[in-house]
Amino acid sequence: TKLVKDTKQILKKVANSKEVMMVSGQKLKRISQLDSLTCFQQLLENIQNYDNFCELMVTAIKPSSALNFDALRFLFVYNFDTISKSMENSRNSDFVLLKLQALSRFIGFVYKKYYYVEIKGVLNYILLALEKGEINVILLVEQIFEKMGGQVILDNISRSALYAQS
């Protein structure tokens, strides 16, 4: 549809240039006012395929309204659940795991930057998934707490790398 095409065009502009990011964010806001779910679904698909755009996309959605963030929260849970279920049935689970990591990272960045966005629904999803025995949500928990808390977990780090981090 035209809405999907327009959203993809705007996301390409955001990904290519930081200078036009705020203008693209305003355009993204206008499109998301028409259909938040379609617009943000395209954004999340972009994030899953190109995880290095996470921080840039978080900045691009800054002009979004509270209603848009509600739609985004719904899509967080929906996409995470859909990808987790497809991981069980997929032969290429590494690719699906990369998608889950990218989505978790984006969710962590969103909750870090926009602390006023309600996290209750995502935490309820995490608790229900853990009760069912799904361990994929641990990625989500790790990213949310790591990004919101500002703590970076360093595993298997050499002395020189540790010295460089300090």
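No hydrogens, no waters, no symmetry mates; every other heavy atom, side chains included, goes into these values.
You'll find the side chain of E142 stays beyond 4.5 Å of the side chain of S104, heavy atoms only. Counting only heavy atoms from C-beta outward, the side chains of V77 and R73 never approach each other to under 4.5 Å. In this structure, Y111 and Q143 have side chains that are not in contact, with every pair of non-hydrogen atoms separated by 4.5 Å or more. Side-chain contact between I144 and L140 is present, with at least one heavy-atom pair separated by less than 4.5 Å. Contact of the N68 side chain with the Q33 side chain is registered, since non-hydrogen atoms from C-beta on lie closer than 4.5 Å. Side-chain atoms of I83 and N136, non-hydrogen and from C-beta on, never get closer than 4.5 Å to each other. Side chains of F69 and E118 form no contact here, defined as non-hydrogen atoms less than 4.5 Å apart. Contact annotation: the side chain of I61 approaches that of V110 to within less than 4.5 Å [non-hydrogen atoms, C-beta and beyond].
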### Task
Check the pair L97, L139 against side-chain contact (heavy atoms from CB on, under 4.5 Å), reporting the backbone distance first and the verdict last.
CA-CA 10 Å; L97 184 62; L139 282 170; 3.7 Å; yes
### Task
Apply side-chain contact (heavy atoms from CB on, under 4.5 Å) to K29 and Q26, showing your working.
CA-CA 5 Å; K29 178 185 175 185; Q26 290 294 331; 4.3 Å; yes
### Query
Would F80 and V137 satisfy side-chain contact (heavy atoms from CB on, under 4.5 Å), going step by step from the backbone distance to the final call?
CA-CA 8 Å; F80 201 88; V137 294; 3.8 Å; yes
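Taking CG from D81 and OG from S86, the interatomic distance works out to 10.0 Å, rounded to the nearest 0.5 Å. In this structure, CD1 on I107 lies 16.0 Å from NZ on K112, to the nearest 0.5 angstrom. Here the CG atom belonging to D70 is positioned 10.5 Å from the CZ atom belonging to F40, to the nearest 0.5 angstrom. Atom CG in L100 sits 14.5 Å away from atom CZ in R105 (nearest 0.5 Å). With rounding to the nearest 0.5 Å, the separation of OG1 in T59 from CZ in F109 is 9.5 Å. Separation of atoms CE (M57) and CG (L44) is listed at 10.0 Å; rounding is to 0.5 Å.
For the pair Y114 (side chain) and V58 (backbone), a donor-acceptor distance under 3.5 Å is present. Formation of a donor-acceptor pair under 3.5 Å by the N49 side chain with backbone atoms of E45 is found in this model. Using modelled atom types, one side-chain atom of N79 and one backbone atom of L75 make a donor-acceptor pair closer than 3.5 Å.
In this structure, the side-chain hydrogen bond (donor to acceptor under 3.5 Å, both in side chains) partners of T38, at least two apart in sequence or on a different chain, are D35.
Hydrophobic clustering places Y125 together with L123 (ILVMFWY residues linked when any side-chain heavy atoms are closer than 4.5 Å, directly or through intermediates). Residue I126 is grouped with residue I138 when hydrophobic side chains (ILVMFWY) are merged at heavy-atom distances under 4.5 angstrom, including chains of intermediate members. Grouping the Ile, Leu, Val, Met, Phe, Trp and Tyr side chains by contacts below 4.5 angstrom, directly or via other members, places L127 apart from F145. No chain of hydrophobic side-chain contacts below 4.5 Å, direct or via other Ile, Leu, Val, Met, Phe, Trp or Tyr residues, connects L67 to Y78. Transitive grouping of hydrophobic side chains (ILVMFWY, heavy atoms separated by less than 4.5 Å) keeps L28 and V4 in distinct clusters.
The two residues C54 and A102 have their closest heavy-atom pair at SG-O, 3.8 Å.
At most 12 non-hydrogen atoms from other residues, nucleotides or ligands lie less than 6.0 angstrom from CZ of F95.
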